[in-house]
Each structure stands twice: as structure tokens, then as C-alpha cells.
Amino acid sequence: MDLASLRKGLEQHRQSHLLQFWDDLSSENQKELYDDLSSIDLDRVCQYFGKATTGLSEAQTKSDERLEPVPEKVCGSTSRMSSDEHKQLFDSGLRLIAEGKVAALLLAGGQGTRLGVPYPKGMYNVQLPSGKTLYQLQAERLLKLQELAFKLTNRHGVIPWYIMTSEHTKDKTVKFFQEHSYFGLEADNVIVFEQHMLPCFTFEGQIILAGKHKVARAPDGNGGLYSALGSADVIADMRRRGVECMHAYCVDNILVKMADPVFVGFCHQRSADCGAKVVEKAFPTEAVGVVCQVDGHYEVVEYSEIALKTAELRREDGRLTFNAGNICNHYFTTDFIESIVTEHDSSLQHHVAKKKIPFVSDDGSITTPTTPNGIKMEKFVFDVFQFSKQFAVLEVLREDEFAPLKNGPGAAKDTPATCRSSLLNQHYRWVLAAGGKFMDSEGSVLPLIPARSSSMPHTTDIDCEVSPMASYAGEGLEELCANQVLTAPIQVVPGKIIKPECS
Ligand code: UTP
């Protein structure tokens, strides 16, 4: 150990406090701290901090006059397209899947601090009748898509599933998949890789100690994807398999349409290198990032960066001018991703996330703050939109595609209960659309148009769950459901309707 030069380097970067407990440590812990600190490129991380925090004050003043909505010509909408067009896109996506050209790319490296469980979010069970976790729902959607692609083309295409994890989620995720035999997928086609971590800073720029001999670190944001792809050599794996494009998404959206053939078909048809699915922003002050152009480049602008008068602007037809709400569903070609990894990643800036970061106090005790006390530096996955040469935006219906799990039970929104509600509600609509009817225990027919989940008390959920193995997006249910009078709870599984074991 060359303690003297470590000390000097820390002094030069105003980080000497990181050795404040050195003399109290056992020689083993000293070695651990030495290794931990030596692994940090102080020049680099302090520069990130400087740039990210300078950007903070600029970000507030950035936008308005420079903002423009996404041009109509790059936009499509699932609710405004004909059913023929929808079917044609769906089938074209399935053909690409059958040819093995489409991958799914899951961003699952987040710490899920708001949800507050000690395991990866993908392992969360929102108490569906089937008890399926988010990971299982996603795996089964992939299986079903492969089956649909085969039915259409007679070709067995594989959708490789790339899963980005972090130090917090990797081991548990891998073990979970192993224990569940990859939910029927081939283990070789589930490729788990790990993103990098960065030290956490105080607002004043000091690296935080999580323990006397341990630096506080956090994953470098979902935009850490690009450097992780580079170091794990994932692109080479994509090339070897012949993957030409991918659907990237967040782990916490229970409605996510994995490798959605309509979205893939839409972006491919327009020769897009990069694309985003969006939902219509519900009202001007809704806390959602908006896909738009800034100085002619595509970006996601946070709601806090847009002045109220700009957020309230409306088009002639009454819709909000800046209405393309980002839901973290992206399309990338492999060529585009590779160009980001090799040419642009280093120019992407970190953003500041103010968080509650447990730290060691001067007396050596660990404190968990109740208000944000520090900064995690994060890149965002969508920061690469600016490099797109051919962008595409597909507006989809929120109730069909977006219900994120962010918070624990009892919070005001985005909870296990709202996710459960959204999914069951969607499945109820699918069964109705396939010709089924529901009756309550007193024999009265239940409403044909169910209330929207966000406004409906959860006690009135109708427990109707459709296994992804029975239907990917509501298709193929007529044979089972038409003219059936059903009483919840039910589960629709391939070939039959059953009463759940635990309801
Ligand atoms: P969020 O920003 O909602 O963060 O992530 P989170 O970690 O899930 O939850 P909080 O903020 O700690 O409560 C959106 C998506 O980006 C992924 C998450 O796993 C989620 O799918 N993500 C986030 C990463 O993959 N890496 C990160 O460093 C951060």
C-alpha cells in the first residue's frame, strides 16, 4: 500500500476526509479502504461532479424559446391508426422477430429505493391472482411473442433478452432466474450484464463515506447502459446473433409490451435509428418528461424545465403542444447503439439526483437521513436521442401500456395496488372485447366499460387475469371467451379458463 501517494491524491481533490477513520481501522479494513479508494479515478469523478452541478443552474434556464414539439411527420399513434395498419405493423414486427433480428433490452440496475424492498424490483409480486412477478410476466411475454412469430412465419426466431443489472441487483436477479429455470426461456438467450457504479457526493462536492472503510456508491443511472454495453461486449453478442434492433424498457412498468411488434414494425418501416413510445400528457403540470426538440435535436425535457405558459400551449385541435409524455420505451438499431458506445458516450453528461444517502457520522455511527443529503450522478438512457438521424415517435394509450411500480403500498400513486389494478383492468377489457361477460355473485351483469384503474378504488377490481402465455396483447381470446358468462376471480391460461388457487 502506498498510503502517502493516496493521501496526496485525496488532498489534491479536497477529499482527505475519506481517510478520517484510518487510524481506528483493523489492518484488514485499512486494506479494503485502500483498495476502494485506489479504484476511484478522482480526476474523472470530480470532473463529472463539477459538470453535473454546473449544468444544474443552466438546466433551469435552458429551454422555452428553444423548444419545439416533435414534428408530425415522425409521429404515429396507435389510437388514430386503422386496424388494418395496426395489423400490418404487428405482423411486420413479428416477421422481424422470426428472423431473429429483434432483442429486448431491460434496464434493471436501479436501487428501487422508493419501493423499499431488499431485492430487485423485477422480483416484486404485486399480488396478482397468479402470484407472478414482474420478471415472470416479462419472460412469458417474450415466449408468447416467439410463438406468435412462429405461427405467422413458420420460423423459430429467438428474442434475446439483455438485462442490465448493477451491484445491487445482479446476483439476486441471476439466482432468481436460475431458480425458476428462466421461466421457460433458454438460459443462453438471457444475457445479464452489469452497469458501473459512481461515488456519491455531498452537495458541497465531498465524496460520502457509507462506512468507516467504505465509500458510498450508486449505479450511474439507466444511461449507464452505454458504457456497460461497451465494457461487457454485449454489442458483439448482438452482432453474432444477427440482432438488428431492440426494444429498451424499464423493469417497473407492469404493462410493458416486450419487443412490441407494432412499435418495432413502426420504427423499422420508417427506417428509424432511434424511437420513443409516448403517452399523451394528461394535463399541463403533469410530472412527466416530454419528448420534443431543443435547438433542432430530439430530447426529453423534464417537466420542471418547462415554463408553465409553455406547458399550457395548445394546438388548434385543443391537444397540448408539448404532449409527448416519455414512458421509457425506446427503439434502437444495433448500429445506432454501437455508434453511441464508440463515439458519443463520453460526451453524455451526468445529471444530479438529490437522494437520501446513508453516511457515517464523525462519531463513526451510520446515519440514514430523512431528507436528501447528497447527490447521485446519473446518465439517462434517452440522452442519446440528440444523436438520432431518423427519429420516430409512437403515441400509445396509457391504460394499455404504462403503469409503473415506483412506490411502496399506501403511497398516492404508482404502487403495487395501482399496478395490479391496471393489469387486471386491461385483462378484463380483453375478455369483454373477446365476447365474454362478467356477472357478480348476485347474478347481475357487470359493467361493459370498466372504470379506469387510477380513479377506481382497488376494492372494486375484477380479478380477471390473462396469462401472457394465453395472449400477448388481447389477441386470440375469442375461442375461449366468446359468449361465456364468467364470475371473477378467473384466470385465462392457454386453452382454458380456471379459478385461481389463491384469490
Ligand atoms: P428509476 O429512476 O425509477 O429508479 O428507474 P429506481 O432505481 O427504479 O427507483 P428509485 O428512484 O431508487 O426509487 C427507472 C428505470 O431505470 C432503471 C431502473 O431499474 C428502472 O427500470 N435504472 C435506474 C437502471 O437500470 N440503472 C440505474 O442506475 C438507475
Side-chain angles (χ1 to χ4, degrees), residues 48 52 104-124 126 133-135 137-138 161-170 172-173 176 191-200 216-229 231-232 234 246-256 258 276-277 287-289 300 302-304 325-330 345 348-358 368-369 372-384 401-409 411-416 418-419:
Y48 290 167
L105 176 53
L106 166 57
L107 307 168
Q111 290 172 288
T113 42
R114 283 168 289 173
L115 183 62
V117 289
Y119 52 82
K121 246 191 219 184
M123 289 164 57
Y124 200 89
V126 301
T133 58
L134 296 176
Y135 279 151
L137 292 170
Q138 293 174 21
W161 193 9
Y162 296 95
I163 304 182
M164 182 173 81
T165 56
S166 65
E167 195 177 289
H168 298 281
T169 58
K170 183 166 180 210
K172 287 179 181 151
T173 294
F176 189 68
I191 304 104
V192 178
F193 61 104
E194 192 173 343
Q195 69 177 110
H196 303 127
M197 307 281 282
L198 282 175
C200 304
R217 291 177 197 255
D220 56 353
N222 56 24
L225 170 69
Y226 307 104
S227 59
L229 286 175
S231 17
V234 173
M246 65 209 75
H247 170 224
Y249 68 97
C250 293
V251 70
D252 48 23
N253 178 7
I254 196 167
L255 299 181
V256 66
M258 314 271 308
K277 256 190 199 185
V288 61
V300 174
E302 292 302 328
Y303 62 95
S304 55
N326 180 43
I327 54 168
C328 195
N329 264 263
H330 308 316
D345 181 42
L348 295 175
Q349 274 228 3
H350 291 90
H351 304 261
V352 164
K354 294 182 181 169
K355 299 273 179 173
K356 299 171 213 163
I357 302 163
T368 304
N373 63 321
I375 285 174
K376 292 183 184 174
M377 292 185 295
E378 300 188 335
K379 287 184 179 178
F380 296 153
V381 65
F382 49 69
D383 283 343
V384 300
E401 307 227 12
F402 187 54
L405 177 62
K406 298 288 182 195
N407 303 304
K413 60 174 194 167
D414 302 339
T415 63
T418 59
C419 285

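Both counts, for ligands and for their atoms, begin at 1 and track the order of listing. Here, residue 1 is the first one in the sequence, and each next residue gets the next number.
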>> Can you tell me which portion of His196 lies within the under-4.0 Å heavy-atom range of ligand 1? Options are side chain, backbone, both, or neither.
In response: neither

> Numbering the atoms of ligand 1 from 1, which are under 4.0 Å from a heavy atom of Gln195?
Replying inline: 24 (C), 25 (O), 26 (N), 27 (C), 28 (O)

> If we ignore angles and hydrogens, is there a donor and acceptor under 3.5 Å between the side chains of Tyr48 and Gln349?
Replying inline: no

> When you look for heavy atoms under 4.0 Å from ligand 1, do you find them on the side chain of Met164, its backbone, both, or neither?
Replying inline: side chain

>> At less than 4.0 angstrom from any non-hydrogen atom of Lys355, what atoms of ligand 1 do you find?
In response: 11 (O)

>> Please evaluate residues Ser231 and His196 with respect to the criterion side-chain hydrogen bond (donor to acceptor under 3.5 Å, both in side chains), reporting the C-alpha separation (whole Å), side-chain torsions for both, the decisive distance (0.1 Å), and the verdict.
In response: CA-CA 9 Å; Ser231 17; His196 303 127; 3.0 Å; yes

>> If the cut-off is 4.0 Å to any non-hydrogen atom of Cys250, which atoms of ligand 1 fall inside it?
In response: 14 (C), 15 (C), 21 (O)

> Atom CG of Asp414 and atom CG of Leu115: how far apart are they, to the nearest 0.5 Å?
Replying inline: 11.0 Å

> Starting from atom 6 (P) of ligand 1, which protein heavy atom do you reach first, and at what distance in Å?
Replying inline: Gly112 N, 3.7 Å

>> Any side-chain to backbone donor/acceptor pair from Lys379 onto Ser227? Under 3.5 Å, distance only.
In response: no

> Does the side chain of Asn329 pick up a donor-acceptor pair with the side chain of Glu401 at under 3.5 Å?
Replying inline: no

>> Is there a side-chain hydrogen bond (donor to acceptor under 3.5 Å, both in side chains) between Glu378 and His351? Walk through the geometry before answering.
In response: CA-CA 5 Å; Glu378 300 188 335; His351 304 261; over 6 Å; no

> So which protein heavy atom does atom 21 (O) of ligand 1 come closest to, and at what separation?
Replying inline: Leu107 O, 2.6 Å

> Could a heavy atom of Gly224 be found less than 4.0 Å from some atom of ligand 1?
Replying inline: no

> Among all protein non-hydrogen atoms, which one is nearest to atom 12 (O) of ligand 1, and what is the separation to 0.1 Å?
Replying inline: Thr113 OG1, 2.6 Å

> What protein heavy atom sits nearest atom 25 (O) of ligand 1, and how far away is it?
Replying inline: Gly109 N, 2.8 Å

>> Testing Lys277, Gln138, His330 one by one against Tyr249 for a side chain to side chain donor-acceptor pair (under 3.5 Å), which residue passes?
In response: Gln138

>> Regarding ligand 1, does Lys121 bring an N or O atom to under 3.5 Å of one of the ligand's N or O atoms?
In response: yes

>> For atom 3 (O) of ligand 1, what's the nearest protein heavy-atom neighbour? Residue, atom name and distance, please.
In response: Lys406 NZ, 2.6 Å

>> Would you compute the distance between atom OG1 of Thr133 and atom CE of Met123 and round it to the nearest 0.5 angstrom?
In response: 8.0 Å

> Heavy-atom count around Glu302 CD within 6.0 Å, excluding the residue itself: above 12?
Replying inline: yes

>> Taking 4.0 Å as the limit for heavy-atom contacts, which would you say applies to Ala108 with ligand 1: side chain only, backbone only, both, or neither?
In response: backbone

> Looking at Gly221, which atoms of ligand 1 are within less than 4.0 Å of one of its heavy atoms?
Replying inline: 26 (N), 27 (C), 28 (O), 29 (C)

> If you measure from each heavy atom of Ser166 to ligand 1, is any distance below 4.0 Å?
Replying inline: no

> Quick one: CZ on Phe382 to CG on Asn326, what's the gap to the nearest 0.5 Å?
Replying inline: 6.0 Å

> Going through the checks in order, is the side-chain hydrogen bond (donor to acceptor under 3.5 Å, both in side chains) test met by Thr173 and Tyr135?
Replying inline: CA-CA 9 Å; Thr173 294; Tyr135 279 151; 3.0 Å; yes

> Considering only the protein, which heavy-atom contact is closest to atom 16 (O) of ligand 1, and what is its distance?
Replying inline: Asn222 ND2, 3.2 Å

>> Given Glu378, Arg114, Gln111, identify the one with the heavy atom nearest to atom 2 (O) of ligand 1.
In response: Arg114

>> Test your reading of the structure: does Gly110 have an N or O sitting under 3.5 Å from an N or O of ligand 1?
In response: yes

